[in-house]
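Report on one structure; see the data block that follows.
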Amino acid sequence: MNDLTKTRIAIVGCGNIADQHATQIKLLPGCEIVAACDTDELMAGQLADRFHVPSVFTDASRMLREAKPDAVHITTPAQSHFSLGRMCLEAGCHVYMEKPFTETAAETETLLRLAAEKRLRITVGHNLQFSPEAVRMRELVKSGFLGGPPIHMETVQCYSHDEPTYGRIVLADPQHWVRRLPGSLSHNLISHGISKIAEFLIGDDPRIISLSFSSPFLRGLGLTDIVDEVRATIQDEQGTTAFFLFTTQFGTGSNELRLFGKSANLVLDNTNRTVLRVLPSNYKSYMRYFFAPWTDAREHLRNSFRNMRLFAKNDFHMDYGMKKLMQLFYAAVREGRPDPIPAAEILRTSRIMEKIFQQMPAQHRTDSRPGS
Amino acid sequence: MSDGDMASDRGWIVGRDETVLVTGSAGFIGARVVDSLLRRGFRNIRCFVRPGSGNPLLMAVLKEHPEHRCEVFSGNLLSRDDCARAAAGVYVVYHLVAGRGKSFPGCFQGSVVTTRNLLDAVVAGKTIKRFVNVSSFIIYSNRRLAQNAVWDESCPLEDDLEKRFDAYLYGKFKQDEIVRAYQEKHGVPYTIVCPGIVFGPGRKALPGSLGLDTFGIFMRVGGAGRMPLTYVDNCADAIVLAGLIPGVEGEVFNVTDDDLPKSRSFLRQYKKRVGRFRSVWLSYPLTYGLCWLWELYAAWSKGQLPPVFNRRNCAFSWKGHRYSNRKLKALLGWGCRVPMKEALDCYFRYQKDE
């Protein structure tokens, strides 16, 4: 494929997240959406109608045969990710998979192996890793700001049941696909937080001790089949540790990652799009209490000005992370550049998630795979 | 209109013992539709509700009518099985469910896919006499309507959904289209009801046609035009009559009350009776210009700011018109059961208590 050829892209699954994909694809130079596919023709039709997509399908295999896309974005419920992903790879298409990548780590491994065998690219929609603040944090870590790799990480991921387009719908529908995932509600959400940690871990088999449960709010509603609270401690082969917290109980809606290193710390805040650098204080005695907060204030101000500058340069879109991830993915597809998310990291994220779900109390674990 | 008047049978297309279905019956308007039907003596009402919520508004209505024989049907309109069971033996459907929010697919699924499933079910059921589709004023475009002109059912529909950029409008517009398509293809007799701004106890937010509270301070826009208000009980009566009166198949009815207040006087009363808050006034031409700039920036920046503020939405919300309910009165014999003064009293009292 050369640069003059447009990359033909299909979207399978035309729900909420597909809109964000279509919006970003439309902005990518050298790419076009050639097909919209959904088991419900109306849903496929509405996406095609609004994004001027020339063909609509209700059957993915027929879409692959007739539309002949180069790449497929899979934005369906997670239960179908593995089968659709395999079908697309076998048809010779690159795959951009929405998170969670698959239901199990074994499925993840199979898809990654198949993609490698067929020399095709595959990635997962962990777009928070490509937000402006995450990119900046990565640059700081690479530049040695922490004094080496992180020694310990802490991530906080908050979620609100009150969100009308998703949260409330999941609670109201006992048959919702999210509630039938092995890790229940948390399965569809925690990959963002886990992937942020997985990026800085080594090896593909970290130790996990986790605690998962239903929040008092859900227990009050009698919805104890839904897991909406996860605490997990993780340790990799080198001894790097991490603590992961997923909760629905914090009113602040934080989404943070803290990296602790030998010489400094970093605080990534996805909610406010900031990265705070924390260095040892040079002030002595009482001066530390009086003036060290000024250093923190200066860091906040820097972030504020940086965000405003990016906005003024028209490089601060709401879906910046997805935009950046897609740019990198299609650079890999079209120009042979490295994968934006290495296969080992995708697998590590899947394995960590699976271990967390395996440690869930039995009444929370579900298995929605056919034949189970 | 007294309860006695409401109970009188005026040659409706269905008898009081025949089954009617109300979707969205646990909602702000839906619960009052059930109340209006019960007041008219309907006995077999199937109230479609979503599982998982306590349905407090509907339960309060049912408590007021202890003799009721309503069936509270818990299900999901995205399930064809649930739709088939809900539509079995039904003569009139009052379809109030709508997809809401900022997501286009979400609104489309909530409004159109649900409607398609329900229409398929009523076609298969073969008993349907009237499908009342509750739409919205939002489907219209007043772009070419002069300020202070009368807005009625002859007002053109929105002709550029992409530029209007409103997910709720997209869902409602396509919902109406599918209802009309089923009439043409399967002969499903329908009426479409387009309420203006429905207000009353149970709805907390200030009506959007007053202004904007997006930027931290309330901005009242315009003020010379009337607000297209309809009190929830009056609106419910209109919806109910659209399903009962013979000879109105294929008609569209706008619903607004009599004696509509201007937004300026509405806000003044609100502040006086509910509580004071700071607000600034923006003239309509200035707001229109700002919306135009926003629209240009959204296009130039490729969506760094989405075009949520645009000239079409600005005109729809704040241009200022007069509103007619003549068709509603002439064809359905509708009248305001709750006069505007009393309706505003109830609304302000509720807002203050809340």
Side-chain angles (χ1 to χ4, degrees), chain A residues 11 13-24 26-29 36 38-52 75 161 163-177 179 218 220-223 226 310-320 322-323, chain B residues 26 49-55 74-82 97-117 119-120 160-171 173-175 177-178 181 297-308:
Chain A
I11 297 180
C14 299
N16 282 333
I17 195 72
D19 252 43
Q20 285 166 262
H21 283 247
T23 305
Q24 296 309 326
K26 284 277 178 187
L27 299 175
L28 287 173
D38 195 288
T39 49
D40 192 317
E41 193 174 3
L42 282 179
M43 290 304 289
Q46 58 83 27
L47 188 125
D49 173 36
R50 289 180 298 112
F51 291 94
H52 314 293
T75 55
H161 287 302
E163 199 278 311
T165 55
Y166 180 79
R168 287 190 209 161
I169 291 170
V170 171
L171 294 193
D173 182 2
Q175 299 305 315
H176 198 284
W177 63 268
R179 290 170 68 167
L218 288 187
L221 293 175
L223 299 173
I226 303 178
L310 288 172
F311 184 87
K313 285 167 71 180
N314 192 24
D315 197 20
F316 203 64
H317 290 65
M318 281 294 179
D319 278 331
Y320 183 97
M322 184 182 278
K323 176 181 150 189
Chain B
V49 298
R50 265 188 184 167
S53 69
N55 312 314
S74 182
N76 185 345
L77 289 172
L78 292 174
S79 154
R80 285 180 177 273
D81 287 346
D82 285 357
V97 161
R100 290 183 185 279
K102 291 176 184 169
S103 154
F104 280 80
C107 285
F108 185 88
Q109 191 176 46
S111 294
V112 187
V113 177
T114 53
T115 304
R116 187 270 320 270
N117 291 350
L119 284 164
D120 280 342
D160 197 331
L161 298 176
E162 204 171 325
K163 281 193 179 144
R164 183 87 169 261
F165 199 74
D166 188 303
Y168 178 68
L169 159 68
Y170 185 77
F173 196 93
K174 297 290 174 184
Q175 181 182 340
E177 277 185 357
I178 206 165
Y297 180 77
W300 172 80
S301 69
K302 295 184 175 167
Q304 183 161 260
L305 290 179
V308 283

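Throughout, protein chains are lettered first and strands after them, A, B, ... in sequence-line order, and every chain is numbered starting at 1.
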Heavy-atom contact with chain B under 4.5 Å, split by part of [X]:
{"X": "A:L27", "result": "side chain"}
{"X": "A:H176", "result": "neither"}
{"X": "A:D315", "result": "backbone"}
{"X": "A:Y320", "result": "neither"}

**Request:** Can you establish whether the number of heavy atoms outside A:E41 located under 6.0 Å from its atom CD is more than 12?
**Result:** no
**Message:** Looking at B:K163, I'd like to know if its NZ atom is crowded, meaning that more than 12 non-hydrogen atoms belonging to other residues, nucleotides or ligands lie closer than 6.0 Å.
**Reply:** no
Between atom [atom1] of [X] and atom [atom2] of [Y], what is the distance when rounded to the nearest 0.5 Å?
{"X": "A:I169", "Y": "B:R50", "atom1": "CD1", "atom2": "CZ", "answer": "5.5 Å"}
{"X": "A:H317", "Y": "B:K302", "atom1": "NE2", "atom2": "NZ", "answer": "8.5 Å"}
{"X": "B:F104", "Y": "A:T23", "atom1": "CZ", "atom2": "OG1", "answer": "9.5 Å"}
{"X": "B:Q304", "Y": "A:F316", "atom1": "CD", "atom2": "CZ", "answer": "8.0 Å"}

**Message:** Between B:Y170 and A:D49, is there a side-chain heavy-atom distance shorter than 4.5 Å?
**Reply:** yes
**Request:** Measure the shortest side-chain to side-chain distance between A:Q175 and B:P51 over non-hydrogen atoms and say whether it is less than 4.5 angstrom.
**Result:** no
**Prompt:** What part of B:L161 gets closer than 4.5 Å to chain A, counting heavy atoms only: side chain, backbone, both or neither?
**Reply:** neither
**Complete:** Cut-off 4.5 Å, heavy atoms of chain A, and the answer for B:Y297 is side chain
**Item:** Pairing residues for B:Q109 by the side-chain contact (heavy atoms from CB on, under 4.5 Å) criterion, not counting sequence neighbours
**Value:** A:M43, B:L78, B:V113
**Prompt:** What residues, two or more places apart in sequence or in another chain, satisfy side chain to side chain donor-acceptor pair (under 3.5 Å) together with A:D40?
**Reply:** B:R116
